[in-house]
Number of protein chains: 2
Amino acid sequence: MDRSAGSPRVTAALEALRASGERVTPARQAVLRVIDAADGSDEHLSAEQISERVTRLEPSVHRATVYRTLTALTDAGVLSHVHLGGSATVYHLVAHPRERAREASPAAYGLGDGHPHAHGHLHVQCSICGRVQDAPPDVLDEAGRQLREALGFDLDTTHAALLGRCSDCAGAAGR
Amino acid sequence: MDRSAGSPRVTAALEALRASGERVTPARQAVLRVIDAADGSDEHLSAEQISERVTRLEPSVHRATVYRTLTALTDAGVLSHVHLGGSATVYHLVAHPRERAREASPAAYGLGDGHPHAHGHLHVQCSICGRVQDAPPDVLDEAGRQLREALGFDLDTTHAALLGRCSDCAGAAGR
DNA sequence: CTGCCTGCAAAGGATTTGCACTCAT
DNA sequence: ATGAGTGCAAATCCTTTGCAGGCAG
């Protein structure tokens, strides 16, 4: 009805969703709308925050649906999530919806996410103020190289945020 | 009574604890014992797992006490924890008990932990099997440098684990 | 002794799930 | 119409907290 909202990314995501065989519902549209808006303003929302905003946008959508939707959209490869150290998991649109999710490897440990090599961007989080910022994707290149050599470990640079202190907090509180 | 258990690290930790003005109780000893044993076998235990083993070792110790103990021991600088992406937080003994905790900066965001520059070791976690391994501490040196230059971000390399796939899983399941 | 630490139980917050119903296709 | 998706509520999981009693120092 109102695909006027204006974000080409949301539209693309909806198409990708439909292509994945998933249905396009108001709840899903609202979730995508909210995440897209946050992406635009460089915010990184947790499931709870998304649920909150979705409710504001579409009061009938239940919290549980948001959780289920986030999972569904992630499985469909439309969304991607990043684990923040110590706090929640945040979601954002995948840059190239074209990148379909692989058959989710069940991952015995419960950490599975079907995005072996998601090429999203890198995140760093301030442990003082909690702010999450994006970082140049090549920052971990060297680390990845070393880990591969030393341990044969294949580093996934986009799936977890690095912790530290942002410029503001490091300057202020930090010593 | 039985400090015979045999781990010099536990003994050292207990001393450091006492030096911190904290009391040495059976519950705390059991917690330290459990963590030390895990450290020895390169395991990384979550609060829940620790609680489980402590109960096995000292049935009277309550789960809540373990949580409180972990917090107390961390504040005392005897323990250190690492946030694993997506799953729990794991604890281990601090290498140099000498390194006392700073006055815990309350950290508005709830991520605070009073260990600005803990110089523990680096952890990497396999997102497939969940295994956590230690990595050379200098792996993130370059990344830290770049982040500081690019964003003025002060990277804390020891507080969160890096995600990826361990050699076993990368070779097997991985592509 | 005295107050820190503990056990117990109940509260909390976040995420999941069973079930019947609705709506996108 | 038909079953994927949804709303609701209850169930889990993990962690924290209030309180009264117990033990370390």
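Here is how names work: the chains are called A, B, and so on, in the same order as the sequence lines, proteins then strands, and each is numbered from 1. The shown structure was predicted, so the numbers you read here are calculated from the model rather than taken from an experiment.
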d([atom1], [X]; [atom2], [N]) in whole Å:
{"X": "B:Glu52", "N": "D:dT15", "atom1": "CD", "atom2": "P", "result": "13 Å"}
{"X": "A:Leu14", "N": "C:dA24", "atom1": "CG", "atom2": "C1'", "result": "13 Å"}
{"X": "B:Leu70", "N": "D:dT17", "atom1": "CG", "atom2": "P", "result": "15 Å"}
{"X": "B:His62", "N": "D:dT15", "atom1": "NE2", "atom2": "P", "result": "14 Å"}
{"X": "B:Gln49", "N": "D:dC13", "atom1": "CD", "atom2": "P", "result": "15 Å"}
{"X": "B:Ile50", "N": "D:dC14", "atom1": "CD1", "atom2": "P", "result": "14 Å"}
{"X": "A:Arg63", "N": "C:dG13", "atom1": "CZ", "atom2": "C1'", "result": "10 Å"}
{"X": "A:Asp75", "N": "D:dA4", "atom1": "CG", "atom2": "P", "result": "15 Å"}

Mind checking what makes side-chain hydrogen bond (donor to acceptor under 3.5 Å, both in side chains) contact with [X], not counting sequence neighbours?
{"X": "B:Ser46", "value": "B:Gln49"}
{"X": "B:Ser60", "value": "none"}
{"X": "B:Gln133", "value": "none"}

statement: residues 132-144 of chain A vs salt bridge (Lys or Arg N to Asp or Glu O under 4.0 Å), sequence neighbours excluded, gives A:Glu142-A:Arg145
message: Quick test of your reading: applying salt bridge (Lys or Arg N to Asp or Glu O under 4.0 Å), list the pairs with at least one residue in residues 37-47 of chain A, sequence neighbours left out, ordered by first then second residue.
response: A:Glu43-A:Arg53
Please write out each protein N/O paired with an N/O of nucleotides 22-25 of chain D under 3.5 Å, distance rounded to 0.1 Å.
unit_1: D:dA24; atom_1: O3'; unit_2: B:Val24; atom_2: O; d: 3.4
unit_1: D:dA24; atom_1: N3; unit_2: B:Arg23; atom_2: NH1; d: 3.3
unit_1: D:dG25; atom_1: OP1; unit_2: B:Arg18; atom_2: NH1; d: 3.4
unit_1: D:dG25; atom_1: OP1; unit_2: B:Val24; atom_2: N; d: 3.3

task: Please give the angle, rounded to 10 degrees, between the axes at the start and the end of the helix from C:dC1-D:dG25 to C:dT25-D:dA1, where five pairs define each axis.
output: 30°
task: Could you list all the ring pair (Phe, Tyr, Trp, His ring centres under 6.0 Å) pairs where at least one residue sits in residues 22-63 of chain B, not counting sequence neighbours?
output: B:His44-B:His123
- request: Determine which pairs satisfy ring pair (Phe, Tyr, Trp, His ring centres under 6.0 Å) with at least one residue from residues 137-157 of chain A, sequence neighbours left out, and list them in order.
  value: none
Grab the N/O contacts between the protein and nucleotides 18-21 of chain C below 3.5 Å, and write none if there aren't any.
unit_1: C:dG18; atom_1: O6; unit_2: A:Arg68; atom_2: NH1; d: 3.3

message: List the residues meeting side-chain contact (heavy atoms from CB on, under 4.5 Å) with A:Arg23, not counting sequence neighbours, and say none if there are none.
response: A:Thr25
Test side-chain contact (heavy atoms from CB on, under 4.5 Å) applied to A:Ala143 - qualifying residues, sequence neighbours left out: A:Leu140, A:Leu155, B:Val139, B:Leu140
- request: Could you tell me whether the phosphate oxygens of C:dC5, OP1 or OP2, come under 4.0 Å of any side-chain nitrogen or oxygen in B:Arg28?
  value: yes
task: Indicate whether OP1 or OP2 belonging to C:dT16 is found under 4.0 Å from a side-chain N or O atom of A:Tyr67.
output: no
- prompt: Is the closest basic N to carboxylate O distance between A:Glu22 and A:Arg28 below 4.0 Å?
  reply: yes
field: B:Thr89 and B:His81: side chain donor to acceptor below 3.5 Å
entry: no
